[in-house]
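For reference, the structure discussed in these notes is given below.
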Amino acid sequence: MPVIIYHNNRCSKSRDALSILEEKGIAFDVIPYLVETPDAGALTRLLKKLKLKPEELVRKSEDLYKEQYKGKELTDEEWIAAMVQYPVLIERPIVVNGRKAVIARPPEKVLEIL
């Protein structure tokens with residue numbers, strides 16, 4: 001099973017993680033998550049592999065977060081629903097290798113699961 005990277009080409013960290021995979025000769029599939037947004041089930045599985053709570057996967061630097069979610073207490077299901085509705089809220093890049101996953105920030109963190 002190839003490595004999977006949830007990628008946003010506009011993000012330098014995401015591009016750098018992709019470059020590391022290419023340099024290492026790792027076979028991988030790219031999921032442009034802003035276009036092919038994971039559903040609630042897929043996000044739940046990702047969170048389990050990442051060993052994170054849903055709120056920990058939310059990009060707190062996004063304007064949308066600051067305008068609509070900052071300071072709010074949401075349930076895990078509500079955070080997941082927010083990320084499905086607004087995938088820009090999903091931290092990036094996420095790299096998955098089988099049962100392991102990492103948010104590749106810094107991009108070199110991808111090496112931890114290869």
Side-chain angles (χ1 to χ4, degrees):
M1 176 179 255
V3 169
I4 297 169
I5 180 168
Y6 289 83
H7 179 63
N8 176 351
N9 199 46
R10 292 175 56 196
C11 171
S12 64
K13 303 292 187 221
S14 195
R15 290 191 310 270
D16 291 346
L18 193 80
S19 292
I20 289 170
L21 293 173
E22 289 172 340
E23 289 169 9
K24 295 290 181 187
I26 305 294
F28 62 90
D29 290 332
V30 176
I31 296 178
Y33 71 93
L34 293 176
V35 177
E36 297 174 29
T37 305
D39 63 19
L43 274 178
T44 300
R45 290 187 295 279
L46 272 174
L47 287 161
K48 187 174 182 179
K49 289 178 184 185
L50 289 164
K51 299 179 182 163
L52 295 176
K53 293 183 177 271
E55 186 175 3
E56 295 172 308
L57 188 59
V58 174
R59 279 183 64 81
K60 310 282 191 306
S61 61
E62 287 295 327
D63 289 339
L64 179 68
Y65 171 81
K66 294 174 188 175
E67 294 164 4
Q68 293 189 30
Y69 296 99
K70 187 176 181 177
K72 292 187 178 180
E73 296 207 16
L74 278 65
T75 65
D76 288 351
E77 293 77 18
E78 289 170 328
W79 280 119
I80 290 170
M83 288 185 279
V84 169
Q85 184 175 3
Y86 303 110
V88 71
L89 292 174
I90 300 172
E91 189 59 86
R92 62 188 181 251
I94 301 169
V95 181
V96 180
N97 186 7
R99 294 183 183 175
K100 301 177 283 185
V102 68
I103 297 172
R105 297 184 79 81
E108 295 75 20
K109 284 193 78 159
V110 72
L111 299 172
E112 294 175 10
I113 64 166
L114 299 180

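For this chain, numbers begin at 1 and follow the sequence in order. Values reported hereafter were calculated over all heavy atoms of this structure, with side chains retained and with hydrogens, waters and symmetry mates removed. Everything numeric here is computed off the predicted structure, so don't read it as measured data.
Residues I26 and L18 fall within the same hydrophobic cluster, defined by Ile, Leu, Val, Met, Phe, Trp and Tyr side chains chained together at heavy-atom separations under 4.5 Å. Under the 4.5 Å side-chain heavy-atom criterion for ILVMFWY residues, no single connected hydrophobic cluster contains both L21 and I31. No path of Ile, Leu, Val, Met, Phe, Trp and Tyr side chains, each step under 4.5 Å between heavy atoms, connects I103 with V95, placing them in separate hydrophobic clusters. Under the 4.5 Å side-chain heavy-atom criterion for ILVMFWY residues, no single connected hydrophobic cluster contains both V102 and Y6. The cluster map of Ile, Leu, Val, Met, Phe, Trp and Tyr, joined by side-chain heavy atoms under 4.5 Å apart, puts L111 and F28 in the same cluster.
A distance-only check finds no donor-acceptor pair linking the side chain of R99 to the backbone of K49 [under 3.5 Å]. Without hydrogens or angle criteria, R92 side chain to H7 main chain gives no donor-acceptor distance under 3.5 Å.
Considering all non-hydrogen atoms of both residues, P54 and L47 come closest at CG-CD1, 3.7 Å. Minimum interatomic distance between A104 and A17 (heavy atoms only, all atoms of both residues): CB-CB, 3.9 Å. Across all their heavy atoms, L43 and I80 have their closest contact at CD1-O, 3.9 Å. Contact detail for P38 and V84: the closest heavy-atom pair is O-CG2, 3.6 Å. Nearest heavy-atom pair across W79 and V58 is CE3-CG2, 3.6 Å. In terms of heavy-atom proximity, P93 sits nearest to R105 at CD-CG, 4.2 Å.
E73 CD: 12 or fewer foreign heavy atoms inside a 6.0 Å radius. By the neighbour-count criterion of 12 heavy atoms within 6.0 Å, atom NZ of K100 is densely surrounded, having more than that number from other residues, nucleotides or ligands. Within a 6.0 Å radius of NZ in K60, other residues, nucleotides and ligands contribute more than 12 heavy atoms.
Going from atom CG of D16 over to atom CD of E108 covers 7.5 Å, rounded to the nearest 0.5 Å. Of the inter-residue distances, the one linking M83 atom CE with Y33 atom OH reads 11.5 Å to the nearest 0.5 angstrom. Atom CG of D39 and atom CZ of R45 lie 6.5 Å apart (nearest 0.5 Å). If you take CD on E55 and OH on Y65, they are separated by 6.0 Å, rounding to the nearest 0.5 Å. Between L52 atom CG and L57 atom CG the span is 6.5 Å, to the nearest 0.5 Å. Between atom CD1 of residue I5 and atom CG of residue D29 there is a gap of 11.0 Å, rounded to the nearest 0.5 Å.
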>> What verdict does the side-chain contact (heavy atoms from CB on, under 4.5 Å) test give for Y86 and Q68, after you've listed the backbone C-alpha separation in whole Å, the side-chain angles of each residue and the deciding distance to 0.1 Å?
In response: CA-CA 11 Å; Y86 303 110; Q68 293 189 30; 4.2 Å; yes

>> For a side-chain contact (heavy atoms from CB on, under 4.5 Å) check, start with the C-alpha distance between V110 and V3, then their side-chain angles and the critical distance, and finish with the verdict.
In response: CA-CA 10 Å; V110 72; V3 169; 5.7 Å; no

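The residue from L46, I113, L50 that alone fulfils the side-chain contact (heavy atoms from CB on, under 4.5 Å) condition with V96 is L46.
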